[in-house]
Amino acid sequence: MKMQHRLLFIISMIIVMLLPLTSLAQTESNETTTDTLVYKQKYGLRLGGDIGKLVRAAIDDDYSGFEINGDYRLTKKLYIAGELGTEERRITNDFLDVTAKGSYFKAGVDYNTYKNWLDMQNMIYTGFRVGVSSFSQTQNSITIFNTDQYWEAPFTDNTEREFNGLTAIWAELIIGLKAELFTNFYAGLNVQLKGMLSEDQPSGFENLYVPGFNRTYDSGRFGIGFGYTVSYMIPIYKKDKKVVVEKEDN
């Protein structure tokens, strides 16, 4: 009888000792481990153009223009960027028929807010630019209305007058996106919110259009613009991008 009790005691002790080990093994099997993946990210110069201006020039007889744009990646999120272009726009209203013509340059930075997965290069970005334009205004005609038109018809002067050497400076806030359609080939669109800082006015009338800034309304200092771009990245070098992936061990 004593022998049986001893065997039962020994078996019970073995079971009690094995239970924590079983629980520990189960706990360890459910622990997560991390694995670090390393991918190469491209850094380089991206050059392109605004196809929106080319399409507009093709369908609007009163407009011509083109723009080239580019950016260079400095860090994981930050890019220096700029645009260079030329525009000519004719605008008519009840009083004036004028043509604005000139070139412009914009420079600033873009910040990518989009978190790409692995080696993707897409962008959802915000940016800032300072723009400078050098342009001329040509007054094609001007119409003067008499307050008492019952007696006198409006008088139109068709003498052409050109005002050269005009300049304008403005600032822009930009919101946009760029998506990689093929290897190193991108398409994008953006919206620009503009604020005029300073501008030269021609004698006798106000600027109705400033190349690079777009249309001005009733001496307003704010404007808006849109861009539809295609571009190609020229890779210069690559940097490692580390991605930490968590795995659950079963």
Side-chain angles (χ1 to χ4, degrees), residues 30-55 65-86 103-133 169-197 212-214 222-250:
N30 291 330
E31 287 182 351
T32 60
T33 60
T34 60
D35 191 10
T36 301
L37 305 178
V38 179
Y39 289 86
K40 296 290 187 180
Q41 282 205 318
K42 292 175 287 188
Y43 285 67
L45 179 64
R46 180 164 37 202
L47 295 173
D50 190 335
I51 60 174
K53 294 185 184 298
L54 298 178
V55 172
F66 75 94
E67 177 184 285
I68 57 175
N69 51 63
D71 63 41
Y72 181 80
R73 189 176 187 180
L74 292 177
T75 67
K76 181 179 177 180
K77 297 287 187 179
L78 190 64
Y79 298 73
I80 57 172
E83 294 82 25
L84 176 67
T86 180
S103 58
Y104 61 90
F105 174 71
K106 299 187 290 184
V109 295
D110 290 331
Y111 183 81
N112 187 14
T113 63
Y114 181 70
K115 184 178 181 180
N116 281 293
W117 174 245
L118 301 183
D119 58 345
M120 296 175 65
Q121 304 285 325
N122 299 320
M123 294 180 65
I124 299 176
Y125 65 92
T126 60
F128 177 80
R129 300 284 191 280
V130 174
V132 180
S133 179
I169 302 174
W170 67 92
E172 292 183 4
L173 294 177
I174 300 177
I175 301 173
L177 62 86
K178 292 179 183 178
E180 188 174 15
L181 302 181
F182 311 103
T183 303
N184 297 333
F185 184 81
Y186 295 80
L189 58 90
N190 61 74
V191 179
Q192 310 135 29
L193 305 176
K194 307 167 185 278
M196 186 68 73
L197 302 178
F213 183 86
N214 295 337
F222 297 97
I224 190 170
F226 302 91
Y228 307 92
T229 64
V230 292
S231 56
Y232 183 83
M233 173 183 277
I234 305 171
I236 297 177
Y237 64 95
K238 294 182 179 181
K239 281 186 176 182
D240 291 341
K241 175 185 178 182
K242 296 181 180 180
V243 179
V244 177
V245 180
E246 292 186 352
K247 293 182 180 181
E248 184 174 327
D249 297 331
N250 296 321

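Hydrogens, waters and symmetry mates play no part in the numbers below; they use all other heavy atoms, side chains included. The shown structure was predicted, so the numbers you read here are calculated from the model rather than taken from an experiment. Numbers for residues simply follow the sequence, beginning at 1.
- In this structure, F222 and M196 have side chains that are not in contact, with every pair of non-hydrogen atoms separated by 4.5 Å or more.
- Residue Y237 qualifies as enclosed at atom OH: its count of foreign heavy atoms under 6.0 Å is above 12.
- Taking each heavy atom of S133 and S103 in turn, the nearest pair found is OG-O, 3.2 Å.
- Counting heavy atoms from C-beta on, the side chains of I224 and F226 come closer than 4.5 Å.
- The only member of V109, I174, I175 that meets side-chain contact (heavy atoms from CB on, under 4.5 Å) when paired with Y125 is I174.
- For F105, the side-chain contact (heavy atoms from CB on, under 4.5 Å) partners are L84, A107, not counting sequence neighbours.
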Using distance only, find each side-chain donor-acceptor pair of residues 183-193 under 3.5 Å and give its atom names and separation, not counting sequence neighbours.
unit_1: N184; atom_1: OD1; unit_2: K42; atom_2: NZ; d: 2.6
unit_1: N190; atom_1: OD1; unit_2: Q192; atom_2: NE2; d: 2.7
unit_1: Q192; atom_1: OE1; unit_2: K194; atom_2: NZ; d: 3.0

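- When all heavy atoms of M233 and P235 are compared, the pair lying nearest together is O-CD, 3.2 Å.
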Discussion item. Using the rule given for side-chain contact (heavy atoms from CB on, under 4.5 Å), can you reason through E172 versus K106, listing the C-alpha separation, both sets of side-chain angles and the distance that settles it, and then say yes or no?
Written reply: CA-CA 9 Å; E172 292 183 4; K106 299 187 290 184; 3.1 Å; yes
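- Contact annotation: the side chain of R73 never approaches that of R46 to less than 4.5 Å [non-hydrogen atoms, C-beta and beyond].
- Taking all atoms of both residues into account, the shortest heavy-atom contact from M123 to D110 is CE-CB, 4.5 Å.
- Closest approach of L78 and Y111 over heavy atoms only: CD1-CD1, 4.5 Å.
- Counting heavy atoms from C-beta on, the side chains of Y104 and E67 come closer than 4.5 Å.
- Partner of K178 under the side chain to side chain donor-acceptor pair (under 3.5 Å) criterion, out of N122, T229, D71: D71 alone.
- Annotation for Y72 and I236: closest pair CE1-CD1, 3.7 Å, computed over non-hydrogen atoms.
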